Amino acid sequence: MALGIEISGIRLGNPTVLASGILGTSRKMLERVIENGAGAVTTKSISLERRDGHNNPTVIEFDAGLMNAVGYSNPGAIDAASEFSDMQKLDAPAFVSIIGKEPGDFAKVAKMMENKGFSAIEIPLSCPHTPGFGTLAGQDTPEKTYEITKAVVKSTNLPVFVKISPNIKNIGDVAQAAERAGASAITAVNTMGPGMIINIDARKPVLDFKVGGVSGPALKPVAVRCVYDVYESVKIPIIGTGGIMSGKDAIEMIMAGAACVGIGSAVYYRGIDVFGKITAEIEKWMDKNGYNNIREMIGAAHE
Amino acid sequence: MALGIEISGIRLGNPTVLASGILGTSRKMLERVIENGAGAVTTKSISLERRDGHNNPTVIEFDAGLMNAVGYSNPGAIDAASEFSDMQKLDAPAFVSIIGKEPGDFAKVAKMMENKGFSAIEIPLSCPHTPGFGTLAGQDTPEKTYEITKAVVKSTNLPVFVKISPNIKNIGDVAQAAERAGASAITAVNTMGPGMIINIDARKPVLDFKVGGVSGPALKPVAVRCVYDVYESVKIPIIGTGGIMSGKDAIEMIMAGAACVGIGSAVYYRGIDVFGKITAEIEKWMDKNGYNNIREMIGAAHE
Amino acid sequence: MNELEHVHMGNGHGLPEIVKIEKIVDENRNAKTFFLDKRIGFKPGQFLMVWIPGLGEKPFSISYAGAMTGITVYLKGKFTRRLFEMNTGDRIGIRGPYGNGFTLKGNACVVGGGAGIAPLAPLIENLDDPYVILGAKNADELLFDKRFPDAMITTDDGSKGFSGFTTELLKNILKERAFDVVYTCGPEIMMKKVFEICENAGIKCQASLERYMKCGIGVCGHCEIDGFRVCKDGPVFSSEQLRIMESFGKTAKLKNGEKVSIEDYTRHRYE
Amino acid sequence: MNELEHVHMGNGHGLPEIVKIEKIVDENRNAKTFFLDKRIGFKPGQFLMVWIPGLGEKPFSISYAGAMTGITVYLKGKFTRRLFEMNTGDRIGIRGPYGNGFTLKGNACVVGGGAGIAPLAPLIENLDDPYVILGAKNADELLFDKRFPDAMITTDDGSKGFSGFTTELLKNILKERAFDVVYTCGPEIMMKKVFEICENAGIKCQASLERYMKCGIGVCGHCEIDGFRVCKDGPVFSSEQLRIMESFGKTAKLKNGEKVSIEDYTRHRYE
Ligand SMILES: Cc1cc2nc3c(=O)[nH]c(=O)nc-3n(C[C@H](O)[C@H](O)[C@H](O)COP(=O)(O)OP(=O)(O)OC[C@H]3O[C@@H](n4cnc5c(N)ncnc54)[C@H](O)[C@@H]3O)c2cc1C
Ligand SMILES: Cc1cc2nc3c(=O)[nH]c(=O)nc-3n(C[C@H](O)[C@H](O)[C@H](O)COP(=O)(O)OP(=O)(O)OC[C@H]3O[C@@H](n4cnc5c(N)ncnc54)[C@H](O)[C@@H]3O)c2cc1C
Ligand SMILES: Cc1cc2nc3c(=O)[nH]c(=O)nc-3n(C[C@H](O)[C@H](O)[C@H](O)COP(=O)(O)O)c2cc1C
Ligand SMILES: Cc1cc2nc3c(=O)[nH]c(=O)nc-3n(C[C@H](O)[C@H](O)[C@H](O)COP(=O)(O)O)c2cc1C
Ligand code: FES
Ligand code: FES
């Protein structure tokens, strides 16, 4: 039985991908995630300039998932360029997530990350809690998605993945805009909402930024629907992301149309070895149910 | 200590309101919910014509909430008009939820429900899973919200509550459009998404309509944020709805800006007596923390 | 927040689970029992929501306990027709068990009619020497008469056992014997009569009702009968509850909520 | 789906809980202990994320176990200043405990410097007659010297106890006594030296490190040191781990992820 899968010409040993913003702060951290079984890894998002991000509390757990307003804290593209090098020497492909306020910013950071051995560039146009970026800057419209994607595609030879938001109605249109602009894959989805959690004893929102993006189990059904919709809208592969906790969840996402799955919050729920665990669960289920490879399951729920 | 609250001139003995679509299929059912402690009750949504709704499965439970695509099944306005009468004789106010494809439909049903003793009319412009209605018919834009609300307000002497969707960015604009058109309160929010759950053994979405609205714990943080935003946008009171499971949740929603709380999915999680349970929990907490009435808590998280 | 009651999420049977049909038994001309490859803990009288992916989902009582749980299905319309076409090895979805089930107590009489015998079967097996009356239109439609050889049999046409209704037999036996409780399931008109007979005799009755179900978990309100949810407060109701149910034996609601006579409700076929 | 491991959601300490400050004790010129009205089960070395609503959230080790849990805070910048202004009866938020904590084993030596003594205190109380070295710049900044009257005291300026560094005392004692393990917490330069001394002596070392924390629960990766998360894999690290940590004693990351020397990291003040 084969657990490997190829997306946009990149070969993954198994369909689990570390989602951006979780653990991906250093080369060594990515290396460790790969040791723990990830089929591919994504860096934390990198902006041109260094960013403090929002104040603490930035990440909290609630009944049904995680909520975060990290606010794209990162050391900026120059530091990142020295942190990440020879990424092709890792035992699995690495994707670099880059962000910007303007198409030009994206293009600049993309250039700076080009010869680091990354297998692809991911551009999240969908963060719900960082002023100047993502949905708060309107980067999630089909028009802006097209414009930014185009700028990045032009500036790099690497495949470009566009990460989209679950909080928009016309998700198919946005995915199509990305595809038209030359994107090689769609990462669906980023966090949901935003949401807010108020501590009633303190009479205050818990997150210092007040609102944050929802991930984990609360997001899963919406993420699955988004992937289902995107699958009907574009031909390029989908990295299905949102609430994947188990092999069963991963297979559900794949049957909705994903070629591989992004994993973030599950690192909290099941530990850093969640990638190996989920891969083993996928394998066991496929074995029991007579599947020979991942491809047989992609989009199966559309039949 | 006073648990009562007045919204739009209607006096509720406590701030728990049965949300539309849960249990509200008959006068006797509403009576029973009131016996179980609800401060007010809402009928299932009523359309001009009789509707089968979607096929089963229509409601399912997942890890983090409920998902439904009931599809507005209801016996139509004529049958409803004979089912519901003398509602003022119940021990708590009753609201009638009405739906339509066109502003004219809403107005007609509103007229038919006028002399039944209801205390208010609620118009959901926000169902995410019924073709011809709600978000699938674009009733959630500020323009349509204004138009439909205006038509209903004109056709009735009852206060009109507008129920809005969590799945839109400009939620404040929609609430303002409702307020400008004469709405007396905002019910925030309807179900989220839609979402999808796929059974991997069957390779099929579980809901027969494939997608459905998400309610319960998964919805709560997004609902709280919506109420927080609406509170900053309008002066009319808010019925905060979405994921309220406990007294703590209710207080959180009230501190976000709600005057009272809608309760739906919690009937599944905690039983039909959840209204009395939540009221008791609110009372206990207020007592312990030195609050004298609900008003002192409304919008407290904005300070 | 330790003063607020903790809310348990996820009861573990919210989503349908796909199970294999292990064995199919022809019970009579119109009924088959489907044995599923799953042991389920349940109370007699509880039901499963049975899902045929792509077709629909309908409630069926558990008729057999054990390593293979059984449901016994009468051929009615589209859904049951599709079930009847299924073979051993085919797979269906189930969620549940749902509903309250019968409350066991004392010296009992059980009165079952037609498909209503299905939920009564595990009850009979759990009671201590109950007096059992099983009825049907005719011998070809009798259910479980071989499974319960001691049961009194009635057929409307006299093709087997006592000729006439179960209710006549019940009246007769009540003249001779005392019971603590009468359990009944079957056509609602029959159950209504059983209930009235019990009321006159001053005996407690438990009747298992049917109404059109959507959610099956007590939230949508569709299965409502006079303020009671058949799926959650029922399907088994006590004498106290039956006494205040104005619609009992009279009206029921179609899929769209239209209120019709119980006869029309039962006769109604969907699609 | 019973072959797939069940995922437990909600560990019950994900959201901050508001607790009252029951008692405040001045420990020395720069440190106060805040006793909270809550008993917390924890392992020595674990920490809490302490939330001042509207201001921020920072990690502090648990320094006292019991009906009132204690944290001992050194005055640094904005957050600790606000804490120092608080009075008995004021309320703060806490979540946790987080991190791995020390692993207890055998005949131990404990080496603490400055604020690093805080997490070691409950450890000392749980060890069987450990050899304890507590150090500070001077007598006014010593922590818990009265709480542990048997401890060896060192001050850089000789204002109390041994004049010099804790590491010098450690080297001396290692010539005379054998230990299974040396536990240490304090300035990272000190811990680095302790570790090197242990390596030379062939003794196992456990050191509790600090890095800038955001989530505290092992997801954001900000507290990362050479692929280890201080909040989750640490804060306590073993000799095996310390040996492969290139940044240990050298560099750390500011709030924005900029890598600076450990001296600059420690000196850095936010806002
Ligand atoms: C609690 C309960 C337990 C039941 N147990 C059994 C059983 O053990 N064996 C058995 O043969 N039947 C049982 N039924 C009835 C069974 O659900 C129907 O026979 C089946 O739904 C018929 O579906 P159909 O598509 O074949 O026919 P349709 O043409 O759809 O309907 C035929 C009749 O079945 C009933 N029905 C249809 N859909 C539903 C629904 N969603 N919910 C409730 N009733 C419906 C109505 O009376 C309808 O007139 C039970 C019903 C309930 C409510
Ligand atoms: C696991 C752990 C346990 C700790 N235990 C204690 C303790 O028991 N007692 C004690 O006094 N201090 C402890 N600290 C350090 C404490 O967190 C800082 O003193 C405090 O955050 C200072 O905040 P400030 O606003 O007063 O100063 P700032 O000006 O914000 O910072 C002063 C210094 O504190 C550190 N710091 C600031 N913010 C953070 C952060 N979010 N995460 C980690 N370090 C930060 C940095 O070294 C910084 O240079 C611990 C730190 C960690 C990582
Ligand atoms: C703490 C945290 C930080 C995140 N940071 C980023 C980020 O920097 N860039 C990005 O594209 N997505 C970011 N995300 C979103 C995740 O990559 C992912 O899309 C989302 O969490 C849904 O997946 P999950 O449910 O598996 O966590 C972040 C998520 C979390 C929880
Ligand atoms: C089974 C079900 C049916 C619903 N039907 C309606 C409806 O007919 N009209 C309506 O306005 N909202 C309907 N809703 C939405 C609820 O009124 C409520 O807004 C939503 O469920 C969020 O609240 P909760 O989390 O407390 O359930 C329905 C929700 C559920 C779960
Ligand atoms: S079927 Fe929904 S309440 Fe019974
Ligand atoms: S602080 Fe986020 S991983 Fe440690």
Side-chain angles (χ1 to χ4, degrees), chain A residues 21-32 35 44 50-53 55-66 68 70 73-76 79-80 83 197 199-206 208 216-217 245-249 264-272 277 281 284-285 288, chain D residues 1 3-20 49-59 78-79 91-93 95 212-229 232-233 244-247 253-260 270-271:
Chain A
I22 288 88
L23 301 180
T25 45
S26 75
R27 190 180 192 282
K28 281 200 185 150
M29 201 80 234
L30 295 178
E31 209 175 324
R32 182 160 168 227
E35 279 162 19
K44 172 132 195 67
R50 190 172 280 154
R51 291 176 52 81
D52 268 354
N55 285 333
N56 276 353
T58 43
V59 185
I60 47 176
E61 185 220 348
F62 69 103
D63 274 1
L66 298 183
N68 93 84
V70 169
S73 115
N74 82 91
D79 282 25
E83 172 65 36
I197 290 169
N199 183 300
I200 61 175
D201 293 299
R203 300 165 63 109
K204 283 239 166 0
V206 176
D208 194 75
M245 298 285 135
S246 66
K248 173 191 164 301
D249 291 341
S265 303
V267 168
Y268 169 71
Y269 291 100
R270 301 187 67 190
I272 200 168
K277 285 179 184 164
E281 289 161 359
K284 197 167 166 189
W285 188 90
K288 191 173 163 188
Chain D
M1 294 304 313
E3 74 271 28
L4 297 182
E5 184 179 324
H6 181 69
V7 178
H8 283 284
M9 291 170 51
N11 62 8
H13 54 236
L15 288 171
E17 179 185 343
I18 299 290
V19 294
K20 211 166 66 194
M49 290 299 281
V50 175
W51 178 43
I52 304 182
L55 192 78
E57 191 190 37
K58 307 262 179 184
K78 194 169 148 188
F79 190 91
R91 305 202 296 172
I92 57 173
R95 58 187 176 101
Y212 196 97
M213 286 189 184
K214 297 202 166 183
C215 71
I217 54 174
V219 306
C220 75
H222 198 90
C223 65
E224 180 261 350
I225 170 168
D226 295 302
F228 295 100
R229 297 162 296 176
K232 182 81 187 172
D233 305 311
I244 57 171
M245 279 186 191
E246 291 171 20
S247 321
K253 285 187 223 150
L254 300 180
K255 187 180 180 185
N256 58 20
E258 184 187 0
K259 203 181 266 182
V260 297
Y270 296 96
E271 287 141 302

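Heavy-atom basis, side chains included; hydrogens, waters and symmetry copies ignored. Predicted, not measured: the structure shown is a model, and the values here were computed from it. Letters go in sequence order (proteins before strands), and every chain restarts at 1.
- We find the CD1-CD1 distance between A/I200 and D/I18 to be 10.0 Å, quoted to the nearest 0.5 Å.
- Considering D/K255, D/K214, D/K253 as possible partners of A/S73, the one that fulfils the side-chain hydrogen bond (donor to acceptor under 3.5 Å, both in side chains) test is D/K214.
- Listed here is the closest heavy atom pair of A/V206 and D/P16: CG1-CG, 3.5 Å.
- Closest of all the heavy-atom pairs between A/A202 and D/P53 is CB-CG, 3.6 Å.
- Atom NZ of D/K259 sits about 9.0 Å away from atom CG of A/D79, to the nearest 0.5 Å.
- To the nearest 0.5 Å, atoms CZ (D/F228) and NZ (A/K28) are separated by 9.0 Å.
- Of the listed residues A/V70, A/I272, A/N199, A/N68, the one with more heavy-atom pairs under 4.5 angstrom with chain D than any other is A/N199.
- Residues D/W51 and A/P205 approach most closely at CZ2-O, 3.7 Å, considering heavy atoms.
- Using a 4.5 Å cut-off between heavy atoms, A/N55 contacts chain D through both its backbone and its side chain.
- The distance from the CD1 atom of A/I22 to the SG atom of D/C215 is 9.5 Å, given to the nearest 0.5 Å.
- Going from atom CG of D/D226 over to atom OG of A/S26 covers 7.5 Å, rounded to the nearest 0.5 Å.
- Contact detail for A/N56 and D/E57: the closest heavy-atom pair is ND2-O, 3.0 Å.
- The CG atom of A/N74 sits 10.0 Å away from atom NE2 of D/H222, with the distance rounded to the nearest 0.5 Å.
- Counting heavy-atom pairs under 4.5 Å between each of D/L55, D/L254, D/D233, D/I92 and chain A puts D/D233 at the top.
- In terms of heavy-atom pairs under 4.5 Å with chain A, the best-connected choice from D/C220, D/G216, D/G218, D/G93 is D/C220.
- Of the residues considered (A/R50, A/K204, A/K44, A/R27), A/R50 shows the highest number of contacts with chain D, using heavy-atom pairs under 4.5 Å.
- Closest approach of A/M29 and D/E224 over heavy atoms only: SD-CG, 3.3 Å.
- Between A/V59 and D/R95, the shortest heavy-atom contact is O-NH2, 3.7 Å.
- Of the listed residues (D/K232, D/M49, D/E246), the greatest number of heavy-atom pairs within a distance under 4.5 Å of chain A belongs to D/E246.
- Heavy atoms of A/I197 lying under 4.5 Å from chain D belong exclusively to its side chain.
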